[in-house]
Structure formats: structure tokens, C-alpha cells
Amino acid sequence: MAGYRKARINDETQKALSAIIREVKDPRVSGAFLSITGTEVTPDLKFAKVYFSALGSDSKEVKRGLESAVGFIRKRLAETLNMRITPEIKFYEDTSMEYGANISRLLNKIEPELRAAEKAEEEARAVLENEEEK
């Protein structure tokens with residue numbers, strides 16, 4: 001399958017799932033601020049990994065809610081996408097936001113140390129330049 005076709009199928013699947021998720025009546029899903037962050041459909045279109053991010057609620061509970069509603073979601077996806085094969089859906093929590101926040105926290109933590117090191121280096125250069133001038 002051509003790369004552009006696979007990317008287009010992934011994008012359309014993500015858009016369709018984002019709309020379908022809003023229709024799920026399971027309180028674990030409907031009560032969460034849920035976002036579909038990405039999809040990966042296999043080249044044979046039989047399986048799809050769906051990455052989600054849930055803010056303000058327990059992501060494990062949201063995942064259980066999504067897995068219990070997978071039949072409804074897959075049926076609506078088949079109606080929406082008009083593909084020969086509707087992929088079997090597997091949900092995965094997207095932890096990239098957490099990972100990015102952790103990296104940012106670590107960088108903010110070491111920033112004062114880096115600034116102090118830069119300042120010490122500048123002072124050392126200034127001392128060396130003064131000695132060279134003499």
C-alpha cells in the first residue's frame with residue numbers, strides 16, 4: 001500500500017473515531033474529556049491501533065469503557081468509512097503528553113544550574129582576557 005494512502009486511511013479513521021466516541025453512552029467514556037490522538041491501521045486493514053488521551057479522569061476506566069463499546073464503535077466506523085474491511089480496534093493510552101510534561105519539568109529543574117555554569121564560564125573568559133591584555 002502506498003504511504004500516502006495509508007496516511008490518508010489513518011487520518012480518516014482518526015476523524016471518524018473522534019466523532020463516533022462522542023456518541024458512546026457509557027458513563028466511563030461520556031464523562032471524560034477524551035481525545036483520539038492517533039491511529040495506525042495495518043496494511044491489510046484488518047487491525048487498527050487507536051491512541052487516546054483522557055484528561056480529568058482515570059484512563060484505565062476510560063479504556064475499559066472504550067473496550068466495552070468496541071462493537072458499537074466498529075459498527076459506526078463501518079457505516080462512516082465505507083471500506084471493504086472494517087478493522088478490529090485495539091485502544092492504547094497515549095502517554096506522550098505526560099512524557100513531554102515530565103521532560104519539561106526536568107529541564108526547568110536543571111535550568112538554574114545551567115545558567116550558573118554559563119555565568120561562571122563567562123567570568124572565567126573575562127579573567128583570561130584581562131590576563132592576556134596585561
Side-chain angles (χ1 to χ4, degrees):
M1 178 180 342
Y4 68 90
R5 181 171 180 243
K6 185 176 179 186
R8 198 174 70 201
I9 289 172
N10 287 336
D11 288 343
E12 289 300 318
T13 304
Q14 181 178 352
K15 287 178 191 173
L17 285 172
S18 294
I20 293 167
I21 293 297
R22 309 280 180 263
E23 300 173 16
V24 175
K25 291 189 169 97
D26 189 321
R28 296 173 287 192
V29 177
S30 62
F33 182 71
L34 186 63
S35 175
I36 303 297
T37 57
T39 58
E40 290 179 20
V41 179
T42 58
D44 61 359
L45 305 177
K46 290 188 179 184
F47 301 95
K49 290 182 180 179
V50 178
Y51 297 95
F52 71 92
S53 175
L55 297 174
S57 57
D58 184 23
S59 59
K60 289 180 179 28
E61 283 298 314
V62 172
K63 184 176 180 180
R64 283 191 210 118
L66 288 169
E67 287 173 349
S68 71
V70 76
F72 168 77
I73 293 170
R74 191 166 180 226
K75 178 179 178 254
R76 291 287 293 130
L77 187 64
E79 293 169 356
T80 306
L81 288 185
N82 191 23
M83 293 184 347
R84 185 178 301 176
I85 300 171
T86 303
E88 290 183 31
I89 301 169
K90 187 78 173 169
F91 291 100
Y92 296 92
E93 181 184 359
D94 186 5
T95 58
S96 62
M97 299 280 279
E98 261 179 51
Y99 182 75
N102 188 34
I103 294 295
S104 179
R105 203 173 331 143
L106 291 173
L107 289 173
N108 288 336
K109 189 176 179 180
I110 65 169
E111 186 178 20
E113 296 171 16
L114 291 174
R115 289 183 189 219
E118 287 176 357
K119 188 175 181 181
E121 188 177 313
E122 288 174 8
E123 290 172 357
R125 276 195 209 129
V127 168
L128 286 174
E129 288 176 0
N130 286 340
E131 288 180 5
E132 287 178 359
E133 290 177 2
K134 293 180 182 180

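The model shown is predicted, which means the values in this text are computed figures rather than measured ones. Keep in mind that the numbers below use all heavy atoms, side chains included, and drop hydrogens, waters and symmetry copies.
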Here the pair of heavy atoms bringing P87 nearest to R74 is O-NE, 3.0 Å
In Å, rounded to the nearest 0.5 Å, how long is the span from OG of S35 to CG of L55? 8.0 Å
State, to 0.1 Å, how close I9 and L45 come at their nearest heavy-atom pair, and which atoms those are. CD1-CD2, 3.9 Å
Is it the case that atom CG in N82 sees more than 12 heavy atoms from other parts of the structure closer than 6.0 Å? no
Is the NZ or CZ atom of K49 both under 6.0 Å from the centre of the six-membered ring of Y92 and within 45° of that ring's axis? yes
What distance separates K75 NZ from T80 OG1, expressed to the nearest 0.5 Å? 10.5 Å
If you look at every heavy atom in S30 and V24, which pair is closest and at what distance? CB-O, 3.6 Å
Verify, without hydrogens or angle tests, whether T37 (side chain) and Y51 (backbone) share a donor-acceptor contact under 3.5 angstrom. yes
Answer yes or no: is there an ion pair linking E121 with R125, defined by an N-O contact shorter than 4.0 Å? yes
Minimum heavy-atom distance D44-I85, with the two atoms named: O-CD1, 4.0 Å
Would you call V70 and F91 a side-chain contact if the rule is heavy atoms closer than 4.5 Å? yes
Electrostatic pair E79:R76 at N-O distance under 4.0 angstrom: yes
Run the numbers on I89 and L17 for side chain to side chain contact (heavy atoms under 4.5 Å, CB included), then give the verdict. CA-CA 10 Å; I89 301 169; L17 285 172; 4.2 Å; yes
Rounded to the nearest 0.5 Å, what separation is found between the CD atom of E67 and the CG atom of D26? 11.5 Å
Rounded to the nearest 0.5 Å, what separation is found between the OG atom of S104 and the NZ atom of K109? 13.0 Å
Which of these, I21, L66, T39, sits in a side-chain contact (heavy atoms from CB on, under 4.5 Å) with F52? L66
Counting C-beta onward and ignoring hydrogens, is there a side-chain heavy-atom pair between T86 and L81 closer than 4.5 Å? no
Between D58 and K60, does any NZ, NE, NH1 or NH2 come within less than 4.0 Å of an OD or OE carboxylate oxygen? no
Compare every heavy atom of L77 with every heavy atom of I20, then report the nearest pair and how far apart it is. CD1-N, 3.5 Å
Separation between CD1 of I103 and OG of S96, rounded to the nearest 0.5 Å: 12.0 Å
Any donor-acceptor N/O pair, S18 side chain to Q14 backbone, under 3.5 Å: yes
Side-chain heavy atoms under 4.5 angstrom apart, residues restricted to Ile, Leu, Val, Met, Phe, Trp, Tyr: same cluster for F33 and V29? no
D11 CG to K15 NZ distance, which is reported to the nearest 0.5 Å: 6.0 Å
Closest non-hydrogen atom pair, K6 against V41: CE-O, 3.2 Å
